[in-house]
Visitor: 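Sharing a structure below in structure tokens format, with a few things to ask.
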Number of protein chains: 4
Amino acid sequence: MSRRVPNDPDRRERILDAALDVIAERGVHATTHRRIAERAEVPLGSLTYYFDGLHDIIAQAFTRMSDRMSALYRSSVALAATRKEAERAVVDLICGEEYMPEREMTLLFEMYAYAEHSEPVARLSRDWMVRSRESLMAHFPEDVARVLDVLVEGWPMHRRFEGRPLDRALVARTVRAVIASGG
Amino acid sequence: MSRRVPNDPDRRERILDAALDVIAERGVHATTHRRIAERAEVPLGSLTYYFDGLHDIIAQAFTRMSDRMSALYRSSVALAATRKEAERAVVDLICGEEYMPEREMTLLFEMYAYAEHSEPVARLSRDWMVRSRESLMAHFPEDVARVLDVLVEGWPMHRRFEGRPLDRALVARTVRAVIASGG
Amino acid sequence: MSRRVPNDPDRRERILDAALDVIAERGVHATTHRRIAERAEVPLGSLTYYFDGLHDIIAQAFTRMSDRMSALYRSSVALAATRKEAERAVVDLICGEEYMPEREMTLLFEMYAYAEHSEPVARLSRDWMVRSRESLMAHFPEDVARVLDVLVEGWPMHRRFEGRPLDRALVARTVRAVIASGG
Amino acid sequence: MSRRVPNDPDRRERILDAALDVIAERGVHATTHRRIAERAEVPLGSLTYYFDGLHDIIAQAFTRMSDRMSALYRSSVALAATRKEAERAVVDLICGEEYMPEREMTLLFEMYAYAEHSEPVARLSRDWMVRSRESLMAHFPEDVARVLDVLVEGWPMHRRFEGRPLDRALVARTVRAVIASGG
DNA sequence: AATGAATGAGATTTCATTCAT
DNA sequence: GATGAATGAAATCTCATTCAT
């Protein structure tokens with residue numbers, strides 16, 4: 001039959017990863033086909049061969065990122081066997097660089113900003129929020145899950161701008177209080 | 001006769017407000033000199049006459065916005081005479097559209113995203129954080145102020161993406177718990 | 001078993017008809033391989049497999065069209081048994097939508113325009129003219145045939161741009177006068 | 001006041017003339033910004049500065065051409081003082097290279113073809129037809145004017161494709177017959 | 001002091017064509 | 001014989017910025 005077969009099977013993925021790199025380093029506002037192609041080491045023409053314009057590349061790149069982060073988030077919380085461990089996992093999520101290293105943080109900001117101007121990315125942001133809350137709801141009542149999620153989202157932002165590690169004791173105490181108040 | 005007088009004294013401000021409009025509507029990534037000039041009803045050339053390029057316009061526009069929001073934030077909290085009233089003000093800040101209407105929310109996302117790629121705007125974001133915490137510290141100990149600030153920042157984001165009003169009782173209960181735990 | 005047999009015997013023709021559709025709808029200037037392939041529902045690669053580039057497809061498509069129209073023209077005039085009937089056939093050719101419906105008119109304009117820049121299509125246009133005159137010369141002297149052919153060519157163009165039917169009485173009177181004057 | 005003043009006042013016109021040159025030489029289907037800019041000896045960017053895309057350049061170029069040709073047509077017929085002279089002017093229009101030299105003929109074909117796919121150019125073609133008829137109506141009744149116009153339009157097309165001069169006697173005889181029949 | 005005409009650089013996108021299979 | 005993935009070249013278009021006035 002001899003259908004021609006792609007000679008570079010995961011080029012699509014390479015392009016999306018390159019796009020995330022460029023977005024993280026320069027921002028969506030400075031992200032161009034050229035820079036993505038260069039970073040991915042693919043010819044310029046292949047970007048529009050695989051994708052339907054820059055907006056599509058960006059949207060799919062964010063999808064890829066949020067899938068990955070969501071899995072991380074979930075697994076981090078899911079590994080907890082007891083509520084005690086879950087509580088600790090939440091504190092880790094808030095304080096730790098592992099869950100949300102600098103690059104991911106930057107990408108998240110970019111995603112939230114872009115979501116305001118792109119319906120697919122808006123949907124993505126909503127899904128992301130729902131999924132992270134659902135992870136937490138395996139261990140906590142819904143109301144508690146909501147508040148913890150706000151902390152997990154908001155606190156690392158402060159960490160980012162302050163440029164220094166959070167006060168772990170304060171975080172732990174707050175998480176404890178939220179859990180207690182919600183019960 | 002006909003001593004030269006600026007014929008449009010607050011043109012600078014008009015340009016910055018127009019820039020904020022464009023950013024809110026289209027995003028930084030689609031903000032251009034031309035669109036700003038058109039929106040401000042100002043000749044194109046005046047943008048580069050008054051400002052040092054697009055990045056400068058954007059940075060100063062964000063400065064203007066954050067000054068305004070900061071004043072609002074401060075006055076809202078400052079009006080409180082008692083801790084009781086301050087607590088209520090914080091709940092209002094989190095739940096209320098007044099403090100952070102849709103447009104401002106969008107702008108804030110854009111600012112945070114842009115901050116990652118612009119030193120002046122990064123500084124601005126840091127200042128913003130410090131100033132809002134200081135407002136809160138008139139009424140609460142530093143640790144409590146920190147946590148409340150995380151809530152004020154993070155919760156409206158959730159509100160934004162969920163697209164419906166927050167559960168005021170839950171917010172109030174959480175604020176109370178945070179204050180109690182920090183005391 | 002499974003002796004190789006062309007699985008789509010009139011693909012060539014389908015491609016040419018699709019090309020004519022695209023030319024009629026969008027103009028030669030907007031005719032591309034992709035649009036033709038899509039319209040013909042054939043794989044993109046088959047266009048360059050069967051033809052020697054876009055210019056070749058266009059030239060052959062025009063050939064196909066002019067063959068068809070020429071046959072129509074000829075048969076219309078050839079059916080006439082008497083000069084009287086031939087005269088009537090000419091009036092029909094000029095006034096009637098049957099001979100030159102909107103689509104064919106458009107294609108003819110495109111062909112004439114393209115002929116100026118393509119030797120094969122120029123040849124085609126010349127042949128077309130000769131053949132139509134020859135049809136008329138079965139009934140009329142050469143000079144009369146020439147003039148009638150001018151009318152058959154030129155009048156429908158006016159009809160096209162005016163957007164309304166011609167005045168049949170005027171056409172008939174003119175044809176009569178031309179025949180009389182040439183005799 | 002010191003408004004900046006254009007330093008190349010008839011650049012617009014130069015661009016349109018260059019566009020006509022390119023269209024005449026290569027056809028609309030091979031007309032590009034680049035080729036026009038090169039021919040007009042202006043920077044590429046000025047094309048989109050002055051015009052709203054290629055379609056706009058083409059449409060305005062055709063407008064320019066038809067204005068010029070229309071003036072020629074009109075003046076040719078208008079100079080005639082008597083019907084006798086008008087009759088002779090019509091024969092000249094049909095036979096003579098002056099009125100419709102090769103280049104203009106080519107452009108006219110291109111315009112007619114393009115008109116099918118561009119509303120502004122379609123309007124232009126209609127206007128052209130009306131105006132030429134009106135010129136003739138200064139000397140002949142409407143019906144005669146219509147038919148003469150068909151001849152003026154259609155006959156040079158045949159001349160063009162046959163590649164040799166028309167038989168002036170035949171043209172004159174036909175024009176005479178048309179005038180007589182319409183009277 | 002102020003402007004808007006002008007442009008070069010580069011962004012996005014389209015597309016004819018090639019060629020491994 | 002046939003295909004469609006792939007790409008280089010070029011097309012259209014946008015835009016920050018410059019600068020004569």
Side-chain angles (χ1 to χ4, degrees), chain A residues 1-9 11-12 29-37 42-57, chain B residues 3-8 11 29-38 42-58, chain C residues 3-8 11 29-38 42-58, chain D residues 1-9 11-12 29-37 42-57:
Chain A
M1 284 279 93
S2 85
R3 283 280 181 298
R4 200 195 184 198
V5 104
N7 61 358
D8 184 359
R11 170 169 295 191
R12 268 185 59 89
H29 72 278
T31 296
T32 66
H33 280 104
R34 284 237 234 279
R35 291 206 246 256
I36 295 170
V42 300
L44 188 54
S46 72
L47 296 216
T48 36
Y49 178 73
Y50 284 104
F51 300 95
D52 187 24
L54 196 52
H55 57 94
D56 186 38
I57 300 179
Chain B
R3 196 163 40 79
R4 250 99 242 340
V5 123
N7 58 358
D8 189 357
R11 171 170 293 190
H29 71 279
T31 296
T32 66
H33 277 114
R34 274 165 151 69
R35 292 205 244 258
I36 296 170
E38 206 164 303
V42 132
L44 182 56
S46 70
L47 296 215
T48 37
Y49 180 73
Y50 284 106
F51 299 95
D52 187 22
L54 195 53
H55 55 92
D56 185 38
I57 300 180
I58 293 173
Chain C
R3 195 164 40 79
R4 267 274 94 298
V5 121
N7 59 357
D8 188 357
R11 172 169 293 189
H29 72 277
T31 296
T32 66
H33 278 115
R34 273 166 152 70
R35 291 207 246 256
I36 296 170
E38 205 164 303
V42 301
L44 182 57
S46 70
L47 297 215
T48 38
Y49 179 74
Y50 284 106
F51 299 95
D52 187 24
L54 194 54
H55 54 92
D56 185 38
I57 300 179
I58 293 173
Chain D
M1 281 280 95
S2 85
R3 283 284 182 295
R4 198 192 185 200
V5 103
N7 61 358
D8 184 357
R11 171 169 295 189
R12 267 186 60 91
H29 72 277
T31 296
T32 66
H33 280 105
R34 283 236 234 280
R35 292 206 244 257
I36 296 170
V42 300
L44 190 54
S46 71
L47 296 216
T48 36
Y49 177 72
Y50 284 105
F51 301 96
D52 187 23
L54 196 52
H55 57 93
D56 186 38
I57 301 180

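A note on names: the letters A, B, ... follow the listed sequences, proteins ahead of strands, and every chain is numbered from 1. Computed from heavy atoms alone, side chains included, the values below leave out hydrogens, waters and symmetry copies.
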Visitor: With a 4.0 Å limit, can you tell me whether B:Tyr49 has a side-chain N or O closer than that to the phosphate oxygens OP1/OP2 of F:dT17?
Guide: no

Visitor: Between the protein and nucleotides 9-11 of chain E, are there any N/O to N/O pairs under 3.5 Å, and if so, what are the atom names and distances?
Guide:
unit_1 : atom_1 : unit_2  : atom_2 : d
E:dA11 : OP2    : A:Arg34 : NE     : 3.2

Visitor: Looking only at side-chain N and O atoms, does A:Tyr50 come under 4.0 Å of OP1 or OP2 in F:dA5?
Guide: no

Visitor: In this structure, how many angstroms lie between the C1' atom of F:dT17 and the CG atom of B:Asp56, rounded?
Guide: 14 Å

Visitor: State the CG-CZ distance between A:Leu47 and A:Arg11, to the nearest 0.5 angstrom.
Guide: 9.5 Å

Visitor: Between A:Arg35 (side chain) and A:Ala30 (backbone), is there a donor-acceptor pair under 3.5 Å?
Guide: yes

Visitor: With sequence neighbours left out, write down each residue that passes side-chain hydrogen bond (donor to acceptor under 3.5 Å, both in side chains) with A:Arg12, or none if nothing qualifies.
Guide: A:Gln60

Visitor: When you look at B:Ile36 and B:Leu54, which way does the side chain to side chain contact (heavy atoms under 4.5 Å, CB included) test go after all the steps?
Guide: CA-CA 10 Å; B:Ile36 296 170; B:Leu54 195 53; 4.0 Å; yes

Visitor: Mind checking if D:Thr48 touches a base, just sugar-phosphate, or nothing, with heavy atoms under 4.0 Å?
Guide: base

Visitor: Represent DNA chain F in dot-bracket notation, 5' to 3'. Only Watson-Crick or G-U wobble pairs with both distances under 3.5 Å count; pseudoknot-style crossings use [ ] and interstrand partners use |.
Guide: .||||||||||||||||||||

Visitor: Pick the closest DNA chain F nucleotide for B:Gly53 and for A:Val42 by heavy atoms, then say which residue is nearer the 5' end.
Guide: A:Val42

Visitor: Check the distance between E:dC15's P and A:Leu47's CG and give it to me in whole angstrom.
Guide: 18 Å

Visitor: Could you tell me the separation between the NE2 atom of D:His29 and the P atom of E:dC15, rounded to a whole number of Å?
Guide: 14 Å

Visitor: Measuring from atom CD1 of D:Ile57 to atom OG1 of D:Thr48, what distance do you get when rounded to the nearest 0.5 angstrom?
Guide: 8.0 Å

Visitor: Over how many whole Å does the gap from C:Asp52 atom CG to E:dT17 atom P extend?
Guide: 8 Å

Visitor: Roughly how far apart are C:Ile58 CD1 and D:His29 NE2, rounded to 0.5 Å?
Guide: 6.5 Å

Visitor: Give, for atom NE2 of C:His33 and atom CD of C:Glu38, the distance between the pair rounded to the nearest 0.5 Å.
Guide: 14.0 Å

Visitor: Rounding to an integer number of Å, can you tell me how far B:Phe51 CZ sits from F:dT17 C1'?
Guide: 16 Å

